[in-house]
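As the structure is a computational prediction, the values presented were derived from the model and not from experiment.
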Amino acid sequence: MIDGAEADIRPDSRPDTRSDTRPTKIVYVAEATAHGGRDGYVTSQDGQIELKVAMPPELGGDGNGTNPEQLFAAGYSSCFHNALVLVGRREGYDLTGSTVAAKVGLGPNRQRGYGLAVALSVSLPVLDTDIAAKLVDAAHEVCPYSNATRGNIDVTILLG
């Protein structure tokens, strides 16, 4: 249940060897509604988002709107970047000028459905490679998107 400050945390029936990354308390809830699927529009409850959604040409659409993969890429890149800045600050590094770009791929899977793959490109121009890699690894453990996708989709992180 995600209708306020309390979370109804139920154990997953599947065995899992990962650390439990589920929230112990919900502190923020985002709400969005899709109207018309991939050829419609999406809105957020607070009015901050009102976007036309369209199939990309690669999937047979006209591309005259955003799509779920672009929205996921925007969310993941901004969330990962925030996690990176957070762990950098904890370690005493200023990450001014850093960026995170996300590419989200969509394609058929073996179950006759579709799956996603993500590539995150991280730029930390003022840090040496070893320190940057350490911070990226730590951010990957902190980021809620990374925790949600771990073990479910391929996520590649490129440091450059």
ILVMFWY cluster membership beyond Leu51 - transitive side-chain contacts under 4.5 angstrom: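 Val42, Ile49, Val53, Leu71, which link up through side-chain heavy atoms under 4.5 Å apart, make up the rest of the cluster.
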
ILVMFWY cluster membership beyond Tyr41 - transitive side-chain contacts under 4.5 angstrom: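 Listed partners: none, Tyr41 stands alone.
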
Excluding sequence neighbours, so at least two apart, what forms side-chain contact (heavy atoms from CB on, under 4.5 Å) with [X]?
X     : result
Asn82 : none
Glu50 : Thr43
Gln48 : Ser44, Asp46

Do any pairs count as a salt bridge (charged side-chain N to carboxylate O under 4.0 Å, His left out) and have a residue in residues 64-78, sequence neighbours left out, and if so which ones?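 Found Arg38-Glu69.
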
Does anything in residues 141-160 form a ring-ring contact (aromatic ring centres under 6.0 Å, His included)? List the pairs, not counting sequence neighbours.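 Those involving residues 141-160 are Phe72-Tyr145, Tyr76-Tyr145.
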
Report yes or no: does Gln70 contribute a side-chain atom to a donor-acceptor pair with the main-chain N or O of Asn67 at less than 3.5 Å?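 Side chain of Gln70 to backbone of Asn67: a pair is present.
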
Show me the donor-acceptor pairs, under 3.5 Å and distance only, between side chains in residues 95-117 and residues at least two apart or in other chains.
{"from": "Thr96", "atom 1": "OG1", "to": "Asp94", "atom 2": "OD1", "distance (Å)": "2.6"}
{"from": "Thr96", "atom 1": "OG1", "to": "Asp94", "atom 2": "OD2", "distance (Å)": "3.3"}
{"from": "Ser98", "atom 1": "OG", "to": "His81", "atom 2": "NE2", "distance (Å)": "2.8"}
{"from": "Ser98", "atom 1": "OG", "to": "Leu95", "atom 2": "O", "distance (Å)": "2.7"}
{"from": "Asn109", "atom 1": "OD1", "to": "Gln111", "atom 2": "N", "distance (Å)": "3.0"}
{"from": "Asn109", "atom 1": "OD1", "to": "Arg112", "atom 2": "N", "distance (Å)": "3.4"}
{"from": "Asn109", "atom 1": "OD1", "to": "Gly113", "atom 2": "N", "distance (Å)": "2.9"}
{"from": "Asn109", "atom 1": "ND2", "to": "Tyr114", "atom 2": "O", "distance (Å)": "3.3"}

Spacing of [X] atom [atom1] and [Y] atom [atom2] [to the nearest 0.5 Å]:
X      : Y      : atom1 : atom2 : answer
Leu158 : Ser123 : CG    : OG    : 12.0 Å
Thr33  : Glu31  : OG1   : CD    : 7.5 Å
Leu84  : Ile157 : CG    : CD1   : 9.5 Å

Derivation and outcome, side-chain contact (heavy atoms from CB on, under 4.5 Å), residues Val118 and Ile153: CA-CA 8 Å; Val118 173; Ile153 67 173; 3.6 Å; yes

Please table the atom pairs, donor to acceptor, closer than 3.5 Å between any side-chain atom in residues 124-143 and protein atoms at least two apart or in another chain.
{"from": "Asp128", "atom 1": "OD1", "to": "Asp130", "atom 2": "N", "distance (Å)": "3.1"}
{"from": "Asp128", "atom 1": "OD1", "to": "Ile131", "atom 2": "N", "distance (Å)": "2.9"}
{"from": "His140", "atom 1": "ND1", "to": "Ser146", "atom 2": "OG", "distance (Å)": "2.8"}

Tyr93: what forms a ring-ring contact (aromatic ring centres under 6.0 Å, His included) with it, not counting sequence neighbours?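 Not a single residue meets the ring-ring contact (aromatic ring centres under 6.0 Å, His included) criterion with Tyr93.
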
Output, in order, the C-alpha distance, side-chain angles, deciding distance and verdict of side-chain contact (heavy atoms from CB on, under 4.5 Å) for Val155 and Arg150. CA-CA 8 Å; Val155 176; Arg150 188 171 291 111; over 6 Å; no

